[in-house]
Amino acid sequence: MKDTLLSIAILVCILAASAIITNWFAKAMYLRCNGCGTLNAKRRSQCRACGKDLR
């Protein structure tokens with residue numbers, strides 16, 4: 001029983017860490033358009049879907 005709980009705890013920690021890293025990466029690399037909500041690379045000046053200015 002103790003081994004099962006430890007395995008579950010480790011699994012939850014790994015999943016939480018990967019979610020945090022993925023979220024950080026997305027915020028660091030992408031901008032969300034205020035008009036349509038599409039994710040765009042930070043190097044873009046206009047949204048790839050609706051054409052609005054991102055900055």
Thr22 side chain vs Ala19 backbone, donor-acceptor pair below 3.5 Å: no
In one Ile/Leu/Val/Met/Phe/Trp/Tyr side-chain cluster, 4.5 Å: Phe25, Leu39: yes
Rounded distance (nearest 0.5 Å) linking atom OG of Ser45 with atom NZ of Lys52: 15.0 Å
Nearest-0.5 Å distance that lies between atom CG in Asp53 and atom SG in Cys33: 9.5 Å
Arg55 versus Arg44, closest heavy-atom pair with distance: NH2-O, 3.4 Å
Side chain proximity check, Leu54 to Cys47, heavy atoms < 4.5 angstrom: yes
Interatomic spacing from CG in Asp3 to CG in Leu6 - rounded to 0.5 Å: 7.0 Å
Euclidean distance, Cys50 SG relative to Asn34 CG, rounded to 0.5 Å: 9.5 Å
Note, Arg48 side chain near Thr38 side chain (heavy atom, < 4.5 Å): yes
Met29 reachable from Leu31 in the ILVMFWY side-chain graph, under 4.5 Å edges: no
Single-linkage hydrophobic cluster Tyr30~Trp24, side-chain heavy atoms < 4.5 angstrom: yes
